[in-house]
Amino acid sequence: MARIPADKAHFTMVNIFDTSPEHQEKLFEVMSKGADVMGAHKGNVGVAMHLSHDGKRLITITEWESKEDFEDMRARSDLQSYFKEVSGIITSVDPNPCRLAYLHDQA
């Protein structure tokens with residue numbers, strides 16, 4: 001099994017946002033716009049969003065060159081209203097900072 005060396009691993013944030021089925025699509029719309037801004041931020045490697053089939057969750061996976069790049073993005077004043085809007089749609093969030101250790105890519 002191929003492993004990514006720790007010194008080459010990205011800082012990854014996996015967030016599980018809980019919402020109600022009637023708000024999942026709105027949450028996706030809002031977060032998609034925010035993802036466009038985050039995706040253009042220095043150090044961003046990629047953003048992925050997954051919608052649960054039951055409509056109760058939206059899972060995001062964002063990868064960053066470093067934890068510092070992620071923290072710089074979180075501190076941006078122009079994103080604070082976005083974070084506030086998201087917090088008004090969700091019931092809770094489970095943030096999971098981690099590092100990418102393995103990736104199988106079919107490409």
Side-chain angles (χ1 to χ4, degrees):
M1 171 190 320
R3 295 187 190 277
I4 297 169
D7 64 336
K8 301 285 188 214
H10 296 136
F11 176 79
T12 304
M13 181 59 78
V14 178
N15 285 310
I16 302 168
F17 296 93
D18 292 311
T19 191
S20 59
E22 61 270 12
H23 292 117
Q24 187 190 50
E25 192 59 36
K26 174 68 175 172
L27 179 60
F28 176 71
E29 289 172 18
V30 169
M31 292 192 72
S32 293
K33 291 176 187 169
D36 291 341
V37 176
M38 278 187 245
H41 188 82
K42 175 189 152 301
N44 182 269
V45 176
V47 178
M49 284 187 255
H50 302 263
L51 299 172
S52 66
H53 288 289
D54 63 5
K56 295 179 181 179
R57 281 171 223 83
L58 186 147
I59 298 95
T60 62
I61 303 169
T62 59
E63 288 188 55
W64 301 88
E65 290 289 333
S66 69
K67 182 178 181 181
E68 292 75 22
D69 291 331
F70 170 76
E71 290 171 346
D72 287 347
M73 177 278 301
R74 289 283 302 162
R76 285 176 55 165
S77 60
D78 63 327
L79 286 175
Q80 299 313 304
S81 62
Y82 159 74
F83 296 134
K84 188 174 182 176
E85 184 175 8
V86 167
S87 69
I89 303 170
I90 63 173
T91 56
S92 66
V93 61
D94 180 14
N96 298 278
C98 48
R99 68 177 173 84
L100 179 63
Y102 172 82
L103 175 66
H104 176 86
D105 191 354
Q106 290 292 101

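Quick note: residue numbers are just sequence positions, from 1. Note that the structure is a prediction, hence the values are computed from the model and not measured.
- Listed by chain and residue number, W64, D72, M73, R76 satisfy the side chain to side chain contact (heavy atoms under 4.5 Å, CB included) test with H41 (two or more places apart in sequence, or in another chain).
- The stretch residues 79-89 participates, sequence neighbours left out, in no salt bridge (Lys or Arg N to Asp or Glu O under 4.0 Å) pair at all.
- Here the straight-line distance linking atom CG of L27 with atom CD of E25 works out to 9.5 Å at 0.5 Å rounding.
- Taken to the nearest 0.5 Å, the CD1 atom of I61 stands 10.0 Å off from the CG atom of N15.
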Let me have the donor-acceptor pairs involving side chains of residues 29-36, under 3.5 Å, with sequence neighbours excluded, atom names and distances please.
unit_1	atom_1	unit_2	atom_2	d
S32	OG	F28	O	2.8

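- The two residues L79 and M38 have their closest heavy-atom pair at CD1-CG, 4.5 Å.
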What donor-acceptor contacts under 3.5 angstrom involve side-chain atoms of residues 88-95, with partners at least two apart or in another chain?
unit_1	atom_1	unit_2	atom_2	d
T91	OG1	D18	O	3.3
S92	OG	D18	OD2	2.7

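- In this structure, Q80 contributes its side chain and R74 its backbone to a donor-acceptor pair below 3.5 Å.
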The test is side chain to side chain contact (heavy atoms under 4.5 Å, CB included); show your working for V86 and F17 and say whether it passes.
CA-CA 9 Å; V86 167; F17 296 93; 4.1 Å; yes

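- Looking at T60 and V47, their side chains never come closer than 4.5 Å, going by heavy atoms from C-beta outward.
- Closest heavy-atom contact between L100 and E63: CD2-OE1, 3.5 Å.
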Evaluation steps, side chain to side chain contact (heavy atoms under 4.5 Å, CB included), between T19 and L58
CA-CA 8 Å; T19 191; L58 186 147; 5.8 Å; no

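- Partners of E65 by side chain to side chain contact (heavy atoms under 4.5 Å, CB included), not counting sequence neighbours, listed by chain and number: H10, V45, D69.
- Residues passing the salt bridge (Lys or Arg N to Asp or Glu O under 4.0 Å) test with K67 are E71, sequence neighbours excluded.
- Considering only heavy atoms from C-beta on, S20 stays 4.5 Å or farther from K56 through its side chain.
- Residues satisfying the ring pair (Phe, Tyr, Trp, His ring centres under 6.0 Å) criterion with F11, sequence neighbours excluded, are F70.
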